[in-house]
Every structure is written in structure tokens, then in C-alpha cells.
Chemist: 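Mind looking over this structure? Questions follow.
A, B, ... follow the sequence lines: proteins, then strands. Residue 1 opens every chain.
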Number of protein chains: 2
Amino acid sequence: MKKKSNGQYLENSRRGEILVAAAALFRAKGYEASTIRDITTAVGIASGSTFCHFRSKREILDAVAIEGMRHVLAGAETVAGRQLPPETCLKVLIRQHIGFLHDPPSRDFVTVLLYETRALSAGAKKEVMRLMALYEDIWKACLQGLVPVSNGRLRGAVSDSLLHRLLFGALNWSVHWYSPDDDLPPEVLAEALAELVLPAMRGSAESDVIGRSAT
Amino acid sequence: MKKKSNGQYLENSRRGEILVAAAALFRAKGYEASTIRDITTAVGIASGSTFCHFRSKREILDAVAIEGMRHVLAGAETVAGRQLPPETCLKVLIRQHIGFLHDPPSRDFVTVLLYETRALSAGAKKEVMRLMALYEDIWKACLQGLVPVSNGRLRGAVSDSLLHRLLFGALNWSVHWYSPDDDLPPEVLAEALAELVLPAMRGSAESDVIGRSAT
DNA sequence: CCTACCGATCGGTAGG
DNA sequence: CCTACCGATCGGTAGG
């Protein structure tokens, strides 16, 4: 409950206010191009006051990314707990992911965590990757449910792992073009993406499995 | 001919050497985090010498992005000129795009142009967008050919414009996970992506068209 | 194309 | 949490 309503409980603390302002700036201008002074001006405090709450600028980025990823994972775990039929599950996960990417305040946190991973500290990167792997597991479980017989193999050529990556890319790229206000509604975008994927897995899995890298 | 062999003719001039080194650094560390001194150290000249060839750091980024986008467009125009049947055309475009993203030296230029658009000057951004629209036109022509009757509408719900965006995202996101050396071969990745898309458009277009934003 | 250098701005600190 | 400040580094320039 605390983790889900990200923006609200964050804004109750000064630390949270800084995170919210930083996430918005990092999303708009990028981490490197955003300065401590940008952030503190947005919050309304002196620049030096930042370091009562964070040891460095990087630590703010780390917190934004981890907080964002926790929010995403919590949402997906809720969906997984509902035990939906696979097709519905996929549509709901897609719809939810679009919301994470485009609805404030999560979009600031999620866009930053997706596009500023490079700048994270080693520790934070590891933690974000760990949470992201759990998120991916939920998607893969759902995708595997679409073709029950498939143990990791989907229609013809595409493994569930590869399919997840392609879907993830199609979704995450939408931050570069999609605007919920004057574009098609999120539900419709989600539906379109599901319609693209589902027909591809209704055939029988005849050929060899492609895309399962030896791990 | 001059434009196609990007890396080679670029490296014949000092200006070209700077562009190649800058593209590699911008890709690895990001534009903001890369310094003039990083670039000139890589080239082997003094930092001030940069400004014999470029008026500013931003102008280097502009040149990298425009050069990269010209290369991409030239490649796609060659494919379009071959008048391939639609399915083959799609597969070739996908395969070629993967090459742009992952084969040196174009990958440095292309990754930068995709992920540092924000930092471009207004003029360069406009030019890159213009070229990108031409690139998109080639894809859309190919996609429309897949369902000849479809005038802009594909299977069920997805417009060719939306489908292009989703495909583009699935491809471009691969820079975050794909490694041509120890992952599946590029041909196989291209094949998998084509197999994902093609089944979705073999059905008849029965329902309304979704994703055609009013322009 | 180099040497020598500058003004601005950055992340971060000391002391209260 | 603020004031006052610092050392480092940045993009860029002057003069040759």
C-alpha cells in the first residue's frame, strides 16, 4: 500500500519531494544535464540542503530508479495474484505498463529508470536488475500460459524470453512518440499491441526454437 | 557511394576522425558525460584543436546524428529500389536495421541519434526528423504492400503507422540487451521479428482501424 | 594544429 | 535547513 501510491506518500517528506522533482527533471533533461540547483530550485530549498538527505547527486538517481522499479514490480505482482486467464493477463500487463510509462507521477520514475540505467551506481544497478528480472518472470509466466504445451517455446520460432524483449521494446519506445492526451487512448494502444502478439502464437509450434540463448 | 561507407571515408579527414571518436564516446557514456577532452584524447590532438573543425560541442553531436541518419536512409533507399515482394522487403529492412544498430561503425552513430535526440540543436533535430520521416515512409510502403487492399489499415486494428512504431521500438530497444557476439545471430533475430509480425496481418481486416491519429 | 589560459558552473562541504 | 564558499572541471578563446 505504501509502495503503490508512489507520488503521494513521497511528497509528504522533504526527501520525497526531492525525489519527485529530480525524477521530473531527469526525465525532461537527462541526469547529467540536470543540476543540483535545478532540483533544489524546483523544491524551494537551498542547493546545499540536498545533502541533508542524500550523500551525492548519484544517490538521488539511484533512489529514483529503485523506487520506480519497486512500484512497477508491485503493480505486476498484484496482477499476477489475480490468476487471470493468459490472454486477459497479457492485456492487463500491457495496459498497466503503458500506465507506468505515461501516467504521472510514475512516468518520471520509470522513464528515468529505463533510460538512465547507465548512470546508476553499481549497487543500484544490480538491485534494479534484480527487480526487473522478477518483473520479467511475471511476464514470461503469462506468455507461457498462452501456449500451455510450449515449455518456453512459442509459435514457430520465438522463445518467451525473446518475445518479452520485443514486447518490452515496443512498449518502452512509446515514450518517444506517445502522448496520452492527443494520441489514441491507452486502452486502444494496449489492445493493438495484444492483437499484434496473439495471432502469432495461435499456430502450432512446428519448427525449432529460436532465441533461447544458452545461459 | 560516399555516404554509404560511413566509417571509411570519415576517417580520412581529421573532422571525420573526431566524429567517429565522438560517436563512440557519446554511445558509451552519453553526450553530456563525454567531454571535449575525452574526444581529443581519443583522437590524439589538443583539446582546443576541436574548434578548428566545429564551433561547439553540440555541433559535433549534430553532425554525428545527421551523418548517421543519412547513412540509414541511404541504405533503406537502396532496398526500396530493389522492388522486392513485400514479405522479403520487410525481412530485409529488419535485417538491415539490426545491422545499423549493432555493426560498427554505424552503431555508434545510430545509437547516438536515437538516444541523444534531446540534446540536438533545433536545426539538427529538424533535419534528423525530416530524414527519419523519409525512412519511415519506406517502411510504411513495405508494410502496406503486405495487405494490398488495406489502404493504411492492416489486420483488424493496427494501422501501418502504429505498426511501424511498435516494430521500430522492438528493434531499437535491442541496443539494451542484444550482443551480436554471444546472442542469437542477426539473421535469426530478424527472422523471429518478422515471424511475429507476419501472422498478425494474414487475417482479414474486419474491425475498425485503430491508431490512425488525426493529422 | 598547439600552448596557455579564462570565466562559468558544477557537485559538494563547513559551520552554524 | 541556510549561508558562504571551494576545488575541480567544463566548453571555449587568443595568439601564434
Side-chain angles (χ1 to χ4, degrees), chain A residues 9-67 108 112 116-125, chain B residues 9-66 112 116-125:
Chain A
Y9 93 102
L10 280 177
E11 272 158 11
N12 289 338
S13 67
R14 187 57 17 124
R15 186 191 136 96
E17 283 183 75
I18 294 172
L19 285 181
V20 170
L25 279 160
F26 292 166
R27 171 166 175 270
K29 312 190 357 174
Y31 170 72
E32 299 287 351
S34 306
T35 70
I36 293 285
R37 285 161 181 86
D38 288 335
I39 299 168
T40 50
T41 300
V43 175
I45 56 176
S47 70
S49 307
T50 309
F51 303 96
C52 305
H53 305 280
F54 301 92
R55 266 172 302 195
S56 67
K57 185 187 167 190
R58 170 139 310 161
E59 210 173 66
I60 303 179
L61 178 68
D62 289 349
V64 166
I66 292 176
E67 208 63 45
D108 294 330
V112 168
E116 300 283 356
T117 339
R118 181 171 43 197
L120 289 173
S121 73
K125 197 178 300 182
Chain B
Y9 93 102
L10 280 177
E11 272 158 9
N12 289 339
S13 67
R14 187 61 10 124
R15 186 191 137 97
E17 283 184 75
I18 294 173
L19 284 181
V20 170
L25 279 161
F26 293 166
R27 171 166 176 268
K29 313 190 355 177
Y31 170 73
E32 298 287 351
S34 306
T35 69
I36 293 285
R37 284 161 181 84
D38 288 336
I39 298 168
T40 50
T41 300
V43 174
I45 56 176
S47 69
S49 307
T50 309
F51 303 95
C52 304
H53 305 278
F54 301 93
R55 264 171 303 196
S56 67
K57 186 187 168 191
R58 171 138 312 161
E59 210 173 68
I60 303 179
L61 178 69
D62 289 349
V64 166
I66 291 175
V112 167
E116 300 284 356
T117 338
R118 180 172 43 197
L120 289 173
S121 72
K125 198 178 301 182

Chemist: Could you pull out the closest heavy-atom pair between Ser47(B) and Arg37(B), with the gap in Å?
Modeler: CB-CG, 3.8 Å

Chemist: For Ile18(B) and dC2(C), give me the distance from atom CD1 to atom P, rounded to whole Å.
Modeler: 10 Å

Chemist: From the list dC2(C), dT13(D), dG11(C), which nucleotide is the closest neighbour of the side chain of Ala46(B)?
Modeler: dC2(C)

Chemist: For Thr35(A), answer base if it contacts any base atom (sugar-phosphate contacts may also be present), sugar-phosphate if it contacts only those atoms, and nothing otherwise; contact means non-hydrogen atoms under 4.0 Å.
Modeler: sugar-phosphate

Chemist: So what does Arg14(A) touch, heavy atoms closer than 4.0 Å: a base, only the sugar-phosphate, or nothing?
Modeler: sugar-phosphate

Chemist: Is dT9(C) paired to anything, Watson-Crick or G-U wobble with both distances less than 3.5 Å, and if yes, which nucleotide?
Modeler: dA8(D)

Chemist: What distance separates Ile60(B) CD1 from Arg15(B) CZ, expressed to the nearest 0.5 Å?
Modeler: 9.5 Å

Chemist: I need the CD1-C1' distance between Ile36(B) and dG12(D), as an integer number of Å.
Modeler: 8 Å

Chemist: Rounded to whole angstrom units, what separation is found between the CD1 atom of Ile45(B) and the C1' atom of dG12(D)?
Modeler: 14 Å

Chemist: Where the side chain of Arg37(B) is concerned, which of dG12(D), dG11(C), dC2(C) is the nearest nucleotide?
Modeler: dG12(D)

Chemist: Rounded to the nearest Å, what distance is computed from the CZ atom of residue Arg58(A) to the P atom of nucleotide dG11(C)?
Modeler: 11 Å

Chemist: Whole angstroms only, please: what is the NE2-P distance between His53(A) and dG11(C)?
Modeler: 17 Å

Chemist: Give a yes or no answer on whether the side chain of Lys29(B) reaches the backbone of Thr35(B) with a donor-acceptor pair at less than 3.5 Å.
Modeler: no

Chemist: Taking atom C1' of dG11(C) as reference, at what distance in whole Å does atom OH of Tyr31(A) sit?
Modeler: 9 Å

Chemist: I'd like to know if the side chain of Glu116(A) reaches the main chain of Tyr31(A), judged simply by a donor and an acceptor atom lying under 3.5 Å from each other, with no hydrogens or angles considered.
Modeler: yes

Chemist: Reckon Thr40(A) touches a base, only the sugar-phosphate, or nothing at all at heavy-atom distances under 4.0 Å?
Modeler: nothing

Chemist: So for Arg55(B) and dG12(D), does any side-chain atom that can act as donor or acceptor lie under 3.5 Å from a complementary atom in the base?
Modeler: no

Chemist: Give, for atom OG1 of Thr117(A) and atom CG of Leu120(A), the distance between the pair rounded to the nearest 0.5 Å.
Modeler: 6.0 Å

Chemist: Looking only at the side chain of Ser56(A) (C-beta and beyond, no hydrogens), which of the listed nucleotides dT3(C), dG12(C), dC1(C) gets closest?
Modeler: dG12(C)

Chemist: Roughly, in whole Å, what's the span from CD1 in Ile60(B) to P in dG12(D)?
Modeler: 8 Å

Chemist: Would you indicate which nucleotide in dG11(D), dG12(C), dC1(D) comes nearest to any side-chain atom of Phe51(A)?
Modeler: dG12(C)

Chemist: Could you give the NZ-to-P distance, from Lys57(B) to dT13(D), as a whole number of Å?
Modeler: 15 Å

Chemist: If each of Glu32(A) and Ser47(B) is mapped to the nucleotide of DNA chain C with the nearest heavy atom, which maps nearer the 5' terminus, i.e. the 5' end?
Modeler: Ser47(B)

Chemist: Can you tell me the base-pairing partner of dG15(D)? Count Watson-Crick or G-U wobble geometry only, both distances below 3.5 Å, and say none if there is no partner.
Modeler: dC2(C)

